[in-house]
Amino acid sequence: MTEPMAAVIKPLERLVVIGLGLIGGSFAKGMREAGLFREVVGVDLDAESCRLAVELGVVDRCESDLAAACVGASVIQLAVPILAMEKLLVSLGRLPLGETVLTDVGSAKGNILRAARRELAQQLPRFVPGHPIAGSEQSGVEAAKGNLFRRHKVILTPHETCEPAAVELVDQLWRALGADVEHMQVEHHDEVLAATSHLPHLLAFGLVDSLAKRSENLEIFRYAAGGFRDFTRIAGSDPLMWHDIFLANREAVLHILDDFRDDLDALRNAVDTQDGHHLLGVFTRARVAREHFSKILARRAYVDAMHNTDLIYLAMPGGKVSGRIRVPGDKSISHRSIMLGSLAEGTTEVEGFLEGEDALATLQAFRDMGVVIEGPHHGRVTIHGVGLHGLQPPPGPLYLGNSGTSMRLLSGLLAAQPFDTTLTGDASLSKRPMNRVAKPLREMGAVIETGPEGRPPLQIKGGQRLTGMDYEMPMASAQVKSCLLLAGLYAAGQTSVTEPAPTRDHTERMLQGFGYPVTVDGNVATVESGHKLSACHIEVPADISSAAFFLVAASIAEGSELVLEHVGINPTRTGVIDILKLMGADIALENQREVGGEPVADLRVRSAKLKGIDIPEDLVPLAIDEFPVLFVAAACAEGRTVLRGAEELRVKESDRIQVMADGLQALGVKAEPTPDGIIIDGGPMGGGEVISHGDHRIAMSFSVASLRASAPIRIHDCANVATSFPNFLGLAAQVGIRVAEEGK
Ligand code: S3P
């Protein structure tokens, strides 16, 4: 980082750092090491700090006269304690500083900027307030480190009259020290810091003092374990500095402290009244939030977002598959288990829940709406249902990641709630069509706004009275059907949905499993409002959509035999088995049984010579998610495979017709996309680069293709495999598919 920056910044004359504590000293030392200034001069009231600063190589020299140090300097860094800042600004305001750029490191910005506005008339446009977030319990110039700010955040809070060149210069100086620089409004900065830094320090100081003064001697601390040590670590920080910070950021701290006091009172009350539900709610939500923070704190999420890392799978050619595996739980059923469990009365236990990002997005959405959900832990989830009318307004927009199922099903449910909601998602979800649910919901009386062209975000207005209706779906979509049935639980009278072809019926089955009456008459499903859901036990079968990758893998790789255990074989989902069998696959259903209203079986698959077929159109909705991998089967088959009537594939997580055609062509397969399908001629397959466009099923399909490729396949943009199949690479390796993250 240092080198390119050094090239951008012309060598500057003099840096003056006023205040040689840990932060000022580290800035000076880092700058000196980076060689961006001809000299680095320190100023500090404490003669010993000055002496040490020179001795430790923190600065080139120290100057005791402020004017002599500052006049003619290129940059002045103000690193004195925050309450001393005002006095310093008064002195600096009197000096002829000309083009000198000023910046500071104070941890509250509002009061410093107010003082600067008063005192720095001429210099104000060249004053760029800043705040490095790199505290430590150490203090003093002797603790200064040139790399203290490396990979730490530095927040700059430029004001409206700041000169852009001055902002740019300060920005680059911090970047030269390896910091991640962000810009923020002053007020926002102070609120954020009050919440994330100042309040925790206040609590840590307060708790240690409170305990220390209550116990006769400090005896009790002998019994303190790791939890106490971790929680109170920051009570070892510099008392004077923190005293200053609380006085400087008074308003923002009071605000967050008052909010926290209310929450603390509620916790006290819960303990007092033995309200375990409240406690569990707070603790489970906090734990999830904490896991989320940890990722950010570990900088993974942050760095990923910054650099948009491309997760590449490298799949080596050849091999065969064998063994017995159980793929993760069904995604559709996992989503619905959370939704219906939350709306039920009583406690629902779920086993085999899919711990993939999509189902977790649904889980988090319900937590955000006040439902207490324990787990998931090894596929077990306990949902403390709140009843059909017990959801609470979420604190902000519900972020649903990559999950179309979450957004479409939730929209039906939320259209009938008394509160407003906003549903958002990632880049892929933000491109997917939502009018298919918004339009019929509006006909029922819902008030929903979409983004341009009917895309997310969805703004759903609460407090509407919905009326049931008979709806003829223009496309075969289980998501649309489910969305309307969920709205129908609240709509006056009956809601019927007619589907043009059978689609997955988990919503209907599971509603019945929760004791809610649903009538299914041919292709029409009907619910009426006024009933309730009662908690139940759900065993989620393994997802046939995930099993499909291995059904194709074992079919195409000569000498393979594999058993996939406990796979859901609901007849609205088994199109992939039917299509593969039509192509000549050897798949046997063993040990068929019914678990919690869903049929399951162990699937034994042996390799077979596949042949190309015309895929019967009535099987399309029954295999809708499995086409990417079926196209791989087609590429390995003898002869031509033709798919028609599958335009829905163009609006999945990616345009699966185009993306698969591009990928297959890149491997030398003849694949011709058509408006509603594809024509694939089986033949030899080479290696090469394919792009999954962030679509989990495309990434996994090309991993399977490697079994028949003649050279390695590099698959780009694979991070979203975690949305539906968290341990795909582990299971693939276990059975013999040689695919792994590149570089691991
Ligand atoms: C799903 C329905 C299907 C499917 C999706 C899950 C569901 O979507 O592709 O992965 O759980 O209801 P459509 O309803 O858009 O076909």
Side-chain angles (χ1 to χ4, degrees), residues 328-340 353-354 356-359 361-362 400-413 425 428-429 431-440 454-456 471 473-487 497-511 523 525 538 540-541 543-549 568 570 572-576 598 617 619-630 645-657 676 695-698 700-701 720-721 723-725:
D330 187 276
K331 185 153 74 78
S332 295
I333 298 176
S334 295
H335 280 299
R336 288 158 173 83
S337 69
I338 299 292
M339 296 182 188
L340 301 185
F353 180 80
L354 167 66
E357 286 169 8
D358 277 12
T362 293
L400 302 169
N402 194 249
S403 178
T405 309
S406 309
M407 189 170 285
R408 298 215 178 102
L409 269 59
L410 272 175
S411 64
L413 194 65
S428 151
L429 182 54
K431 287 192 212 134
R432 299 186 64 186
M434 292 297 147
N435 274 340
R436 54 180 59 200
V437 287
K439 267 181 62 193
R455 318 253 177 240
Y471 186 66
M473 278 196 297
M475 75 291 282
S477 164
Q479 292 180 354
V480 176
K481 171 176 67 174
S482 305
C483 160
L484 299 178
L485 292 177
L486 290 175
V497 187
T498 305
E499 52 188 6
T503 67
R504 67 191 68 192
D505 62 359
H506 305 299
T507 304
E508 298 90 302
R509 285 177 190 246
M510 290 178 72
L511 277 170
N523 58 347
I538 297 172
V540 183
D543 196 331
I544 189 166
S545 298
S546 298
F549 300 105
N570 177 317
T572 60
R573 298 287 298 280
T574 45
V576 61
E598 291 279 350
E617 276 192 43
L619 290 179
V620 169
L622 310 180
I624 193 70
D625 290 337
E626 289 70 67
F627 282 107
V629 79
L630 282 169
E647 52 279 275
E648 276 294 303
L649 291 180
R650 293 202 177 268
V651 290
K652 293 292 178 190
E653 286 84 328
S654 68
D655 175 346
R656 287 183 173 162
I657 292 176
D676 68 341
D695 186 329
H696 52 140
R697 299 201 196 280
I698 306 277
M700 291 186 275
S701 298
N720 279 339
V721 167
T723 61
S724 69
F725 202 150

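In listed order, ligands and their atoms are each counted from 1. Just so you know, these numbers come straight off a predicted model, no measurement behind them. For reference, positions follow the sequence shown, starting with 1.
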Test side-chain contact (heavy atoms from CB on, under 4.5 Å) applied to Arg504 and Ile333, step by step: CA-CA 10 Å; Arg504 67 191 68 192; Ile333 298 176; over 6 Å; no
Derivation of the side-chain contact (heavy atoms from CB on, under 4.5 Å) call for Asp358 and Lys331: CA-CA 8 Å; Asp358 277 12; Lys331 185 153 74 78; 3.5 Å; yes
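Of all protein heavy atoms, the one closest to atom 14 (O) of ligand 1 is Ser477 OG, 2.6 Å. Atom 2 (C) of ligand 1 has Gln479 CG, 3.5 Å as its closest protein atom, hydrogens excluded (heavy atom only). What sits closest to atom 16 (O) of ligand 1 on the protein, heavy atoms only, is Lys652 NZ, 3.1 Å. The nearest protein atom to atom 12 (O) of ligand 1, hydrogens excluded, is given as Arg336 NH2, 2.6 Å; this is a heavy-atom distance.
Taking a cut-off of under 4.0 Å to the non-hydrogen atoms of Ile624, the atoms of ligand 1 that pass are 9 (O). Within ligand 1, the atoms closer than 4.0 Å to a non-hydrogen atom of Arg408 are 15 (O), numbered from 1 in the order shown.
For the side chain to side chain contact (heavy atoms under 4.5 Å, CB included) test, residues two or more places apart in sequence or in another chain that qualify with Leu622 are Pro502, Thr572, Leu619.
Just one residue in the list Asn523, Thr498, Val497 forms a side chain to side chain contact (heavy atoms under 4.5 Å, CB included) with Met473, and that residue is Val497.
Checked by distance only, ligand 1 and Leu409 stay at 3.5 Å or farther apart across all their nitrogen or oxygen atoms. Where the criterion is an N or O separation shorter than 3.5 Å, residue side chain and backbone included, Asp625 meets it with respect to ligand 1. At least one N or O atom of Ser332, backbone or side chain, sits closer than 3.5 Å to an N or O atom of ligand 1.
Between Lys652 and Arg697 the shortest side-chain heavy-atom distance does not fall below 4.5 Å. The closest side-chain heavy-atom distance from Asp505 to Thr503 is not below 4.5 Å. Considering only heavy atoms from C-beta on, Leu486 comes within 4.5 Å of Leu409 through its side chain.
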